[in-house]
Number of protein chains: 2
Amino acid sequence: MSERDVAEAIAIDAETRTHGHGDHKDELRLWLRLLTCTNLIEAEIRSRLRERFNVTLPRFDLMAQLEKAPDGMTLGELSRRMMVSAGNVTGLVDRLVQDGLLERHAAPADRRSSLVKLTAKGHESFATMAEAHGDWIGDFFNQLDDGDMGELMRLLGRTKASVRRAMEQSDEQGNEE
Amino acid sequence: MSERDVAEAIAIDAETRTHGHGDHKDELRLWLRLLTCTNLIEAEIRSRLRERFNVTLPRFDLMAQLEKAPDGMTLGELSRRMMVSAGNVTGLVDRLVQDGLLERHAAPADRRSSLVKLTAKGHESFATMAEAHGDWIGDFFNQLDDGDMGELMRLLGRTKASVRRAMEQSDEQGNEE
DNA sequence: ACGAATTATTTTAAGCTTAAAATATCTCGC
DNA sequence: GCGAGATATTTTAAGCTTAAAATAATTCGT
């Protein structure tokens, strides 16, 4: 064993002892719990939306975006806000228009774009669903007190910032110049 | 206004003043942040798995389950652990067998079932991906100290418990007897 | 042992999702 | 005004996902 090898072994051992790392066990457990928790809630919302309103979660999410935009929104804007691909939005919008919940208009200034907005039926339908949805979420977090909720908000904010930083750094690695 | 209406108005007002509720604004904001945070991480993992290993997240998850079961696992067991439908597992397993990463065997005691396990190629492939995956997760949570991670674990545990309780209660409502 | 109920899996139909290629339009510098 | 590059959207092909129906095999009470 060379001196360099010995030094390395000691360094690794020191890191293992002090931080328990080299692996990323704690981080993996935390990620697993975060994922499980979110999936649990999301699956329940999905299931209730289907059972009680015969609607999918993506359709509900799209309608929620439009509810906040009385003058309508382009497909590109929807795609960015929902964080899904443009092609995905095309299909969702088509099906919602089919159901009479949305209407498409030519965009006044740009012939590439169209504006979509909720119809009266769409607004009405969304209002009913949104109220139930709000109640469900209220129930789900019912056992957390205000302190827990605030702390969770704070920690998730830190987590999001940490992830974005990690993503930016790996972008820099990947891109020349 | 009847006396009953007055009492009701006061009660509602009192609740609004003391808890800021009736709506569920804080809970909705918390849920939105939880969802955004999870989706951000999940999308990045998905994208990296595809780019660097040409594999989908569901396939990676399925292989991760099998890695822990040297003697193989039934499709039903996989379905329960991955929390996805049985039909979903059928398709995933078929495609992974096609790729030579999994093998199916008849279950010894139950002719309805089959056992699936990783092939040598599957183990090898998974080991490479799992190491990268662990590093990514380690990076993502890099900015959180041990205290933050512990607190986040605790709060997510409380949240999960709260959600499960809410789900059980609504089950009781729904089921006769 | 018989048959009813349960369990394991597959099939089917519909919808969601993405990346990549194709169209169509716009913008901007010259 | 022209043309190159950017932008908005649609199309395509492949895979993921689910609920519900269909198959097949097991279990259990009698």
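Throughout, protein chains are lettered first and strands after them, A, B, ... in sequence-line order, and every chain is numbered starting at 1.
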Within the pair A:T90 and D:dT10, is there a side-chain N or O less than 4.0 Å away from OP1 or OP2?
-> yes
Candidates D:dC16, D:dA8, D:dT9 - which lies nearest the side chain of B:P58 | D:dC16
Let me know, please, whether A:L92 or B:R104 comes out on the 5' side of the other along DNA chain C by nearest nucleotide.
-> B:R104
Do any side-chain nitrogens or oxygens of A:N88 fall under 4.0 Å of OP1 or OP2 in C:dT18?
-> yes
Quick one: pull up CG in A:L75 and CG in A:L62 and give me the separation to the nearest 0.5 Å.
-> 9.0 Å
Which nucleotide in the list C:dA8, C:dA19, C:dT11 gets nearest to the side chain of B:R50?
-> C:dA19
Using only side-chain N and O atoms of B:S113, determine if any of them is under 4.0 Å from OP1 or OP2 of D:dA25.
-> no
Is the phosphate of D:dA8, meaning OP1 or OP2, less than 4.0 Å from a side-chain N or O of A:S79?
-> no
Between CG of A:L75 and P of C:dA24 the distance, given in whole Å, is 17 Å
Per atom distances to the B:T56 side chain, the nearest of C:dT10, C:dG15, D:dC16 is D:dC16
Can you find a side chain N or O atom of B:R111 that sits less than 4.0 Å from OP1 or OP2 on D:dT26?
-> yes
Atom CE of A:M73 to atom P of D:dT9: distance rounded to whole Å?
-> 12 Å
Nearest-0.5 Å distance, CG of residue A:L57 to CG of residue A:D61 = 4.5 Å
Any donor-acceptor N/O pair under 3.5 Å between D:dT7 base and A:R112 side chain = yes
Same apolar cluster (I L V M F W Y, side chains within < 4.5 Å links), B:L115/B:L66 = no
Under-4.0 Å side-chain N/O to phosphate OP1/OP2 contact, A:R59 with C:dC16 | yes
Examine B:F60 together with B:F126 and report whether their ring centres are nearer than 6.0 Å.
-> yes
